[in-house]
Amino acid sequence: MDALHRIEALRAELHAHNHKYYVLASPSISDREFDVLLEELVQLESENPEAYDANSPTQRVGGDLTEKFEKVPHRHAMLSLSNSYKAEEVAQWAKRVQASLPGEEVEFAMELKYDGVAISLWYQNGALVRALTRGDGAVGEDVKTNVATIRTVPLKLLPGAPAELEIRGEIFFPWDAFNALNQLRKESGEQEFANPRNTAAGTLKLQDSRLVADRPLDCMLYNVDGGAMQELGVDCHSEAVRRAAAWGFRPPRGKSLEVATTVDGIMAFVQHWDKARRDLNFAIDGIVIKVNRYDHQKRLGNTAKSPRWALAYKFETERVRTALVDVKYQVGRTGAVTPVADLDPVQLGGTTVQHASLHNADQIAKLDLRIGDMVFVEKGGEIIPKVVGVDRETAHAEGLFAPPSLVFPSSCPECGAMLDRVEGEAQHYCVNTVDCPAQVRGRIEHFISRKAMNVEGLGKETVAQLVEAGLLRDVADLYALTADQLLPLERMAQKSVDNLLQGLAQSKAVPFERVLFALGIRHVGETVAKLLSRSLGSLEKVAHATVEEVVALEGIGPVIAESVVSQFADPVFQEVVERLVDVGIQTEVVPETPTGSALDGEVVVVSGVFATMSRDEAKSAVTAHGGRLVGSISSKTTMVLAGDNMGPSKLAKAEKLGVPIVDEDTFLARIQA
Ligand code: IVH
């Protein structure tokens with residue numbers, strides 16, 4: 001078989017395995033076997049650039065940067081749905097539908113109303129060619145490069161699909177992935193995302209598809225272009241969805257698509273899912289009821305805004321009413337002040353809730369809250385419930401004896417320093433970064449945590465005790481602690497003191513990338529710390545890097561770069577870091593492999609696909625041999641390591657700036673020399 005045929009065969013095979021794994025959740029080969037096939041395809045594609053295909057299974061990892069998404073008119077307007085909230089409203093709608101179709105037996109298809117972002121997928125001859133957002137309903141934006149990273153969206157359809165096909169569905173962020181993402185953001189001192197829907201919308205609009213590939217979005221389809229289906233002899237929606245599953249789309253699972261002929265049947269489906277939705281790994285905000293037969297849909301037609309043949313039934317979010325007992329203001333390690341409501345304990349979604357988030361000052365002002373008010377609390381699936389409203393009917397009395405409105409404090413509840421609010425941000429920060437005990441405790445707790453310095457024998461309470469006793473003012477003080485200081489403290493027996501001091505001594509061996517994370521620089525989470533340390537190599541280099549140098553590193557944006565540079569410019573921070581260095585913490589990346597310095601001084605951009613290594617391996621090879629990685633070509637770049645399929649604009653830029661382009665073989669020869 002020649003290479004081109006083999007490429008085609010591999011692509012078909014990998015598409016099929018991808019479908020079995022992600023769509024049907026029943027893989028027939030091991031991950032390892034899959035990787036072997038994929039590697040073969042990567043290699044062949046790199047040797048045969050003329051066979052490039054934007055829909056190859058090798059394209060799932062993202063890679064393209066989109067400066068501006070193309071605006072494309074929808075073939076049919078993307079309408080919205082009319083909403084209902086009560087069984088009565090559903091009954092009235094069903095009655096109207098029946099009255100417009102006299103003498104006909106009307107069937108209703110019922111499915112989940114996914115709480116995400118609508119997407120219109122266009123396929124031509126089985127290949128995904130566009131993925132349009134709703135936009136204003138008439139014109140959408142083509143976010144195909146980002147949508148291509150979603151494993152449950154087929155890039156190539158299985159045989160039998162119509163030559164032209166439009167399919168609509170919803171893209172959403174599953175709960176587990178959303179919570180994991182927020183956990184990472186929390187660890188890096190970044191503001192957490194509010195809910196999965198907005199995060200899915202924001203993610204789809206990211207310009208760097210590699211970032212999108214890191215966020216496991218998912219997609220469910222809910223509408224197949226009726227025209228194409230009728231040509232295939234399919235005459236109703238429920239059948240069309242099943243048929244689409246045969247072309248590679250995810251089939252509706254379990255009881256997520258059913259057909260009923262009565263309002264009672266519809267309401268039974270609604271009630272089932274109102275409970276069962278708690279067990280889903282994604283958010284749904286209701287049920288969609290659709291007249292099943294296409295000819296019926298056509299006769300009913302659309303209003304300007306929504307089809308007459310469909311209705312959304314919206315669930316009530318589970319919400320309880322309870323008394324607001326107090327509001328506390330928590331100060332985090334970055335100084336961010338978060339208001340937390342103390343509540344009269346109340347049952348919500350199976351747990352007792354006593355605390356709820358009040359978000360920020362704006363939320364408090366908007367609700368005009370007062371202690372004693374009855375408030376509404378909801379749990380969105382996030383771990384922390386939130387106060388979403390106040391019961392105006394029973395809210396505080398007006399007039400002379402009314403309790404005072406809550407006012408967000410103007411000074412830090414922990415240290416009394418002034419609070420500062422960054423223009424355009426809702427968060428307040430305590431300005432006393434150096435001495436505020438809450439920030440000091442927070443920084444130390446972060447420093448000693450498992451993923452940072454992993455200091456054993458030291459917990460939250462002891463930290464609080466040591467800060468209180470004046471023995472710890474910053475993280476470097478940890479290493480100056482002595483048995484004589486510790487022993488007189490409460491709950492500090494000889495054994496605990498030994499454990500603590502030993503834990504501290506051992507932490508000095510923690511690798512530099514974790515030290516960098518432990519320093520608690522805003523926006524520098526685990527991933528960024530790894531990136532920074534691996535590409536710059538040492539504390540010395542990180543501390544002296546300029547914003548331009550940091551921004552040039554792949555995967556790092558201006559906000560992170562600013563944060564790193566300004567943190568190291570702070571004399572107080574510098575002093576703490578110097579003392580840490582003096583006690584012997586790790587300040588350099590220990591190379592994994594014995595390195596040469598074949599690439600010393602080189603500033604390298606890695607682009608394209610390689611035959612003998614993955615792109616990540618190529619990048620590691622660059623840093624392991626003393627080169628510095630940057631994400632985009634500039635006049636400072638000294639070499640482009642070019643695999644196959646390197647983008648034409650990159651190529652042109654390198655040529656224009658006279659940056660040497662080095663191919664894989666030359667590169668390997670150089671580092672192996
Ligand atoms: S049908 C012409 N079915 O809800 C009507 N929409 O409020 C096409 N949605 O923009 C929509 N799940 O993004 C339909 N099973 C489902 C849905 C669904 C979620 C979204 C969709 C639409 C919005 C309308």
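Only a predicted model underlies this, so the values are computations on that prediction, with no experimental measurement involved. The figures here come from the full heavy-atom set of this structure, side chains too, leaving out hydrogens, waters and symmetry mates.
- Between W122 and L165, the closest side-chain pair of non-hydrogen atoms is not below 4.5 Å.
- A51 approaches L4 most closely through the heavy-atom pair CB-CD2, 3.7 Å.
- Between L657 and I633, the closest side-chain pair of non-hydrogen atoms falls below 4.5 Å.
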Test side-chain contact (heavy atoms from CB on, under 4.5 Å) on V143 and L132 and set out the steps. CA-CA 6 Å; V143 292; L132 304 183; over 6 Å; no

Could you check E166 against R168 for salt bridge (charged side-chain N to carboxylate O under 4.0 Å, His left out), going step by step and ending with a plain yes or no? CA-CA 7 Å; E166 185 195 346; R168 291 182 180 183; 2.6 Å; yes

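- Between L41 and P57, the closest side-chain pair of non-hydrogen atoms falls below 4.5 Å.
- With rounding to the nearest 0.5 Å, the separation of NZ in K113 from CZ in R277 is 12.5 Å.
- Once rounded to the nearest 0.5 Å, the distance linking CG of L157 with OH of Y123 reads 5.5 Å.
- A cation-pi contact, defined as under 6.0 Å to the ring centre and within 45° of the axis, is absent between R197 and F173.
- Although no hydrogens or angles enter the test, the distance criterion places no donor-acceptor pair under 3.5 Å between the side chain of S597 and the main chain of D600.
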Walk me through it: do L155 and L128 pass the test side-chain contact (heavy atoms from CB on, under 4.5 Å)? CA-CA 5 Å; L155 297 175; L128 178 66; 4.1 Å; yes

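- Nearest heavy atom pair, residue L532 against residue L516, reads CB-CD2, 3.7 Å.
- Checked by atom type, the side-chain pair S620/E617 shows no donor-acceptor distance below 3.5 Å.
- Contact detail for M78 and A118: the closest heavy-atom pair is CE-CB, 3.8 Å.
- Between the N48 side chain and the A3 main chain, no donor and acceptor come within less than 3.5 Å of each other.
- Proximity of a side-chain donor or acceptor of S56 to a complementary backbone N or O of Q59 within less than 3.5 Å is not detected.
- The heavy-atom pair separating P252 from R242 by the smallest distance is CG-NH1, 4.4 Å.
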Walk me through it: do T149 and L217 pass the test side-chain contact (heavy atoms from CB on, under 4.5 Å)? CA-CA 8 Å; T149 66; L217 294 171; 5.7 Å; no

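- In this structure, N182 contributes its side chain and F193 its backbone to a donor-acceptor pair below 3.5 Å.
- Side-chain atoms of R534 and T623 form no donor-acceptor pair, as typed in the model, at a separation below 3.5 Å.
- Side chain of S563 to backbone of V559: no donor-acceptor contact under 3.5 angstrom is found.
- Using modelled atom types, one finds a donor on one side chain and an acceptor on the other under 3.5 Å when comparing D2 with H5.
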Salt bridge (charged side-chain N to carboxylate O under 4.0 Å, His left out) between E164 and R75, intermediate numbers included: CA-CA 12 Å; E164 291 276 332; R75 295 208 180 122; 3.7 Å; yes

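- Salt bridge status for R250 with D218: present, with a side-chain N to carboxylate O gap under 4.0 Å.
- Under 4.0 Å is where a charged nitrogen must lie from a carboxylate oxygen, and between E45 and R11 at least one such pair does.
- Note that CG of L37 is 5.0 Å distant from CD of E13, once rounded to the nearest 0.5 Å.
- With H74 contributing its side chain and S120 its backbone, the two residues share no donor-acceptor pair below 3.5 Å.
- A salt bridge does not link E526 with R514: none of the charged nitrogens is closer than 4.0 Å to a carboxylate oxygen.
- Residues Q43 and E39 have side chains that never bring a donor and an acceptor to within less than 3.5 angstrom of each other.
- Considering only heavy atoms from C-beta on, P511 stays 4.5 Å or farther from V590 through its side chain.
- Within 6.0 Å of atom CZ in F315, more than 12 heavy atoms from other residues, nucleotides or ligands are found, so the atom counts as buried in its surroundings.
- In summary, the side chains of S209 and N146 do not present any donor paired with an acceptor at a separation below 3.5 Å, with no hydrogens or angles considered.
- With Y21 as the fixed residue, the side-chain contact (heavy atoms from CB on, under 4.5 Å) test singles out one of S28, P27, S26: P27.
- With rounding to the nearest 0.5 Å, the separation of CD1 in I167 from CG in L121 is 7.0 Å.
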Could you please spell out the steps behind the salt bridge (charged side-chain N to carboxylate O under 4.0 Å, His left out) verdict for D142 and K144? CA-CA 6 Å; D142 188 354; K144 189 203 139 182; over 6 Å; no

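- Atom CG of residue L536 and atom CG of residue L531 lie 9.5 Å apart, to the nearest 0.5 angstrom.
- The closest side-chain heavy-atom distance from I287 to F269 is below 4.5 Å.
- Using the six-membered ring where Trp is involved, F172 and F282 have ring planes that are tilted, between 30° and 60° apart.
- Among all heavy-atom pairs drawn from P162 and L232, the shortest one is CG-CD1, 3.9 Å.
- Salt-bridge annotation for K619 and E554: present, with a side-chain N of the basic residue lying under 4.0 Å from a carboxylate O of the acidic one.
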R130 and E70: salt bridge (charged side-chain N to carboxylate O under 4.0 Å, His left out), yes or no, with the steps? CA-CA 10 Å; R130 286 196 188 281; E70 191 186 344; 3.4 Å; yes

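- Atoms CG and CZ, from L280 and R253 in turn, are 11.0 Å apart once rounded to the nearest 0.5 Å.
- Remark: the backbone N or O of S607 is not paired with any side-chain donor or acceptor of R615 at under 3.5 angstrom.
- Using a 4.5 Å heavy-atom cutoff, the side chains of D663 and F667 are not in contact.
- Checked by atom type and distance alone, the side chain of E170 pairs as donor or acceptor with a backbone atom of G116 at under 3.5 Å.
- For the pair H19 (side chain) and P154 (backbone), a donor-acceptor distance under 3.5 Å is absent.
- Under 4.0 Å is where a charged nitrogen must lie from a carboxylate oxygen, and between E549 and K636 no such pair does.
- Considering all non-hydrogen atoms of both residues, L629 and V606 come closest at CD2-CG2, 3.7 Å.
- A heavy-atom distance below 4.5 Å is found between the side chains of V234 and R243.
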After noting the C-alpha distance and the side-chain angles of K290 and V288, does the key distance pass the side-chain contact (heavy atoms from CB on, under 4.5 Å) rule? CA-CA 6 Å; K290 298 171 182 174; V288 183; 3.6 Å; yes

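- The ring of Y222 has its center no closer than 6.0 angstrom to the ring center of H237.
- K205 is listed as a side-chain neighbour of E141, based on a closest heavy-atom distance under 4.5 Å.
- Side-chain atoms of E664 come within 3.5 Å of backbone N or O of T612 as a donor-acceptor pair.
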